[in-house]
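Worksheet for the structure shown next.
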Amino acid sequence: MNDTRRAILDALAAGPVAGPALADRLGVSRAAVWKHVESLREAGFAIESTDEGYVLDAIPEFGGLAVEYGCEAPFEVEYHDSIPSTNDRARELAADGATDVVVLADEQTGGRGRLDRAWSSPSGGVWLSVVCRPALAPSRVSLLTIAAGAAACGAVREAGVDARIKWPNDLLVLDPDAERGGRKLAGILTEMEGEAERVSWVISGLGLNANVAGDALPADATSLLVERGGDPVDRRVLVQRVLERFDDLRDDPDAARAAWREHAATLGRRVRVTLPSETIVGEAVDVTDTGALVVDTGAERRIVHAGDCEHLRPAE
Ligand code: BT5
């Protein structure tokens, strides 16, 4: 958000303040103040005109400017009420040279999971993709999946829901009665383009079932709305917290790993990891500094960079 607009919002939040006084204070024209106020109103900010001037009554529940306002992380947010896939839009922006941009949507009509699986994305969710250009070798890009997972998990836990991370990319609410030991609350799709030495861009796509009813989701999925007993979460604040945490972790592999370990459900568990060519069964013992999973099979320690991981019951 540009500095003038942020300063106007700050002044209106502390208002009422008259347009001419605000223009003088900020060193811009009265027409410029008026234009900013109008576009903020169009974006859903409730700005009242009183006898003493403008006053900010309410910030919209969701939207690009709403998320940018009050967010401590340096991301620009492009918001869509509905879009096929935020990752697809993020790829277009990345191809045009963008960085530190977030594409955010209320609904996706063509959401994608890994391996071209479909991702249900009804209205009320948090569907977002962050474009960034980290100084990372392609072999270390999984670190961003780790950072995004830890960031999302931290923010969800702050919203009062006891989620855990299943390597590499799922947030689960654990439930021993559920078929897979938990219900899926969120998933991450990381995509990248780069050369041998260095990535050109990375997109971290997060799908988080926020204010979505259970019957709008696949059978083994859950949402924040369901887990909070029907109490909707403030998506604006939730997204801000995710982005701030992600920003803190994305350039700090040690912190990302530590946060991931803190929230992981996978470590210490017996797991089955399905790779294209083989299946590995053993105890998950750690995550490496490239975001790979270390599995102790009893005979050896295997490092797994990508694959589908299932948590097994002790007897399996
Ligand atoms: C993932 O894939 O978990 C990554 C999902 C990433 C989605 C985000 S939304 C924003 C951005 N834009 C996109 O187009 N995508 C990203 P995977 O591990 O392959 O899991 C996919 C599987 O999860 C599906 O086959 C279903 O079984 C299940 N699933 C589908 N929709 C779900 C949902 N909303 N909640 C929980 N599980 C779901």
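In what follows, every heavy atom counts, from backbone to side chain, and hydrogens, waters and symmetry copies are set aside. Both ligands and their constituent atoms are indexed starting at 1 by order of listing.
The nearest protein atom to atom 25 (O) of ligand 1, hydrogens excluded, is given as Arg117 CD, 3.6 Å; this is a heavy-atom distance. Protein heavy atom nearest atom 1 (C) of ligand 1, with residue, atom name and distance: Asn169 ND2, 3.5 Å. Here the protein heavy atom with the shortest distance to atom 36 (C) of ligand 1 is Ala221 CB, 3.4 Å. Of all protein heavy atoms, the one closest to atom 37 (N) of ligand 1 is Trp119 CZ3, 3.7 Å. Atom 6 (C) of ligand 1 has its closest protein heavy atom at Arg112 O, 3.6 Å. Of the protein's heavy atoms, Gly207 N, 3.5 Å lies nearest to atom 8 (C) of ligand 1. Of all protein heavy atoms, the one lying nearest to atom 31 (N) of ligand 1 is Ser120 N, 3.0 Å.
Between Thr266 and His311, the side chains place a donor N or O and an acceptor N or O closer than 3.5 Å (distance only, hydrogens not considered). Side-chain contact, Gln108 with Ser121: a donor N or O sits under 3.5 Å from an acceptor N or O. A donor and an acceptor atom, one from each side chain of Thr190 and Ser204, are nowhere located under 3.5 Å apart. Side-chain contact annotation: Thr274 with Asp308, donor-acceptor N/O pair under 3.5 Å absent.
With salt bridges taken as basic N to acidic carboxylate O contacts below 4.0 Å, none links Lys35 and Glu38. Remark: Asp170 engages Lys184 in a salt bridge, criterion side-chain N to carboxylate O under 4.0 Å. Checked for salt-bridge contact, Asp100 and Arg133 miss the test: no charged N lies under 4.0 Å from a carboxylate O. Between Arg235 and Glu61 there is a salt bridge, since at least one side-chain N of the basic residue sits less than 4.0 Å from a carboxylate O of the acidic one. Between Arg250 and Asp252 no salt bridge is recorded (no basic side-chain N to carboxylate O distance below 4.0 Å). Ionic pairing of Glu158 and Arg245 is present here: one or more N-O contacts between side-chain nitrogen and carboxylate oxygen are shorter than 4.0 angstrom. A salt bridge between Arg270 and Glu283 is absent, with no side-chain N of the basic residue lying under 4.0 Å from a carboxylate O of the acidic one.
Distances shorter than 4.0 angstrom do not occur between any heavy atom of Leu115 and any atom of ligand 1. The closest approach between Ser121 and ligand 1 stays at or above 4.0 Å for every heavy atom of the residue.
In the vicinity of Leu206, heavy-atom distances shorter than 4.0 Å reach the ligand 1 atoms 8 (C), 9 (S), 10 (C). Each of the atoms 33 (C), 34 (N), 35 (N), 36 (C) of ligand 1 lies under 4.0 Å from some heavy atom of Asn209. Within ligand 1, counting atoms from 1 as listed, the ones closer than 4.0 Å to a heavy atom of Thr86 are 10 (C), 11 (C), 12 (N). Listed by number with element, the atoms of ligand 1 under 4.0 Å from a non-hydrogen atom of Leu128 are 10 (C). Using a 4.0 Å cut-off to heavy atoms of Leu217, the atoms of ligand 1 that qualify are 34 (N). Proximity to Ala118 (heavy-atom distance under 4.0 Å) selects the following atoms of ligand 1: 24 (C), 30 (C). Of all atoms in ligand 1, listed by their number and element, those nearer than 4.0 Å to a heavy atom of Ser129 are 11 (C). For ligand 1, the atoms lying closer than 4.0 Å to a non-hydrogen atom of Gly111 are 14 (O).
Considering backbone and side-chain atoms together, Arg114 places an N or O closer than 3.5 Å to an N or O of ligand 1. Taking any N or O of Lys184, backbone or side chain, at least one lies under 3.5 Å from an N or O belonging to ligand 1.
Under a 3.5 Å cut-off, the side chain of Ser129 and the backbone N or O of Asn87 do form a donor-acceptor pair.
A search for side chain to side chain contact (heavy atoms under 4.5 Å, CB included) contacts involving Glu262 returns nothing, not counting sequence neighbours.
Counting protein heavy atoms under 4.0 angstrom from atom 27 (O) of ligand 1 gives zero.
Distances from atom 12 (N) of ligand 1 to the heavy atoms of Gln108, Glu191, Lys166, Arg183 put Gln108 nearest.
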